[in-house]
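Below is one structure, written out as structure tokens; comments come after it.
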Amino acid sequence: MNKQKGETMHHYDPSSEIQDYLVFGEYGDVNPSITDSSTYTFLNPQIMNELFEHEIEGCFLYSRHWNPTNKYLAQALAKLEDSEAAIVTASGMAAISCAILQLCNAGDEIVSGRTIYGGTYAFFKNFLPKYGINVKFVNTQDLKAVKSAITEKTKVIYCEAVSNPLLEVADIPKLSQLANQHNIKLMVDNTFSPIIISPIHLGAHIVVHSLTKFINGTSDCVAGCVCGTHEFISQLTDINSGASMLLGPVLDSYRAASIMKNIHSLHIRMKKHGENAQYLAENFEKLGCKVFYPGLKSHNGHKLLKEIMNDGFGFGGMLAIDAGTTEKANEFMAKMQQEKVGYLAVSLGYFKTLFSSPGHSTSSEIPEEERKAMGLSEGLVRISIGLDNDIRKTFERIKKCLNEVGLCK
Ligand SMILES: *Cc1c(COP(=O)(O)O)cnc(C)c1O
């Protein structure tokens with residue numbers, strides 16, 4: 001592949017990279033056989049000794065380390081992100097925590113965006129300090145603030161490509177420049193924007209995903225991945241010192257196989273989620289709603305996203321409406337569930353529309369004051385737009401709910 005790090009790549013097409021990744025099963029199966037083994041035989045004891053001393057590429061030892069099914073999925077994810085390598089984990093949080101613990105030692109620091117997934121925030125704020133790792137939360141939109149937060153001890157700049165829940169867009173090329181100047185890593189959570197943004201092309205060093213969301217897309221399991229260099233992925237899986245090997249968040253191979261099959265329709269789903277979300281966002285805005293969607297010119301990340309995104313996959317399936325107060329948000333969500341718009345549930349990327357109030361669920365770990373500072377209203381309703389065939393009908397349903405609750409007038 002002929003690409004330059006840090007250069008915008010409008011014509012990169014992750015979906016065709018995945019399509020071109022042909023896997024032949026044992027019997028030529030188009031879906032390779034699922035490996036159903038915790039352990040693997042060695043043809044002779046010598047090979048086992050060698051493997052414990054240093055990794056032998058393509059050799060399977062024990063399923064917590066690697067198994068063929070997880071390797072197929074990891075390779076597909078490396079194609080998706082155009083990284084040298086990847087590993088899969090049993091959750092998005094496992095991917096994030098293992099990658100961070102691999103990079104940081106006691107005494108090190110992380111500079112992180114402040115509008116991040118609540119679980120990541122809690123891990124950074126409450127858990128890492130127990131091991132002497134401290135996190136500074138900054139507004140990553142403000143590059144000066146990021147720069148001045150970096151010290152000798154900083155090892156990682158962490159952000160979400162499109163942030164949860166306000167859908168702010170990270171300036172990955174600029175953050176990457178900063179990271180390179182300080183010889184530290186830029187780690188990007190790309191859960192909200194798979195296929196749409198290719199962080200590695202924009203200069204990120206490590207990409208993490210919660211596969212639980214859009215990538216799997218069927219809300220039937222929890223999983224994650226880390227994409228990075230061969231060197232980093234082998235550090236993570238090192239038998240003697242690797243975080244994923246030693247903390248052990250191994251994904252079950254049956255799940256890996258089912259996620260792999262769902263990835264093949266990811267590009268079609270992302271387009272449809274985006275098309276539907278764009279239609280709704282434009283029409284909510286016309287109604288006078290306070291709506292956050294990066295596909296709207298009024299969104300503060302619109303211009304930047306247009307510059308860095310891969311063409312042809314839309315602006316994503318997530319939008320947020322500010323209902324003002326918790327009461328209004330709750331009324332609105334209850335109405336939407338009643339009118340069969342979708343489910344009142346956390347998570348995202350499902351075929352049905354899902355909505356929740358982040359201030360009281362996924363972002364509840366973030367203290368009130370900080371939520372205020374970042375503009376996270378208590379009445380914010382985060383909506384993961386589904387794959388509805390007739391989005392006009394859905395809009396009419398939601399409009400009815402807005403009217404009945406007295407919103408957007
Ligand atoms: C859900 C989510 C996570 C955590 O992933 P799990 O699979 O639930 O562990 C991390 N980051 C973002 C942006 C998420 O939406």
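Any value given below was found using the heavy atoms of this structure, including those in side chains, with hydrogens, waters and symmetry copies removed. Indexing begins at 1, ligand by ligand and atom by atom, following the structure's order.
- The side-chain heavy atoms of Arg392 and Asn283, taken from C-beta on, include no pair separated by under 4.5 Å.
- Counting non-hydrogen atoms of other residues, nucleotides and ligands closer than 6.0 Å to OH of Tyr279 gives a total above 12.
- A salt bridge links Glu275 with Lys272: the closest approach of a Lys/Arg side-chain nitrogen to an acidic carboxylate oxygen falls below 4.0 angstrom.
- Under the side chain to side chain donor-acceptor pair (under 3.5 Å) criterion, Thr140 pairs with no residue at all, not counting sequence neighbours.
- Annotation: side chain to side chain donor-acceptor pair (under 3.5 Å) contacts of Glu26 (sequence neighbours excluded): Ser33.
- Listed by chain and number, Ser91, Gly92, Met93, Ile96, Tyr117, Glu160, Asp189, Thr191, Phe192, Ser210, Thr212, Lys213, Val222, Ala223 each place a non-hydrogen atom less than 4.0 angstrom from ligand 1.
- A search for side chain to side chain donor-acceptor pair (under 3.5 Å) contacts involving Asp171 returns nothing, not counting sequence neighbours.
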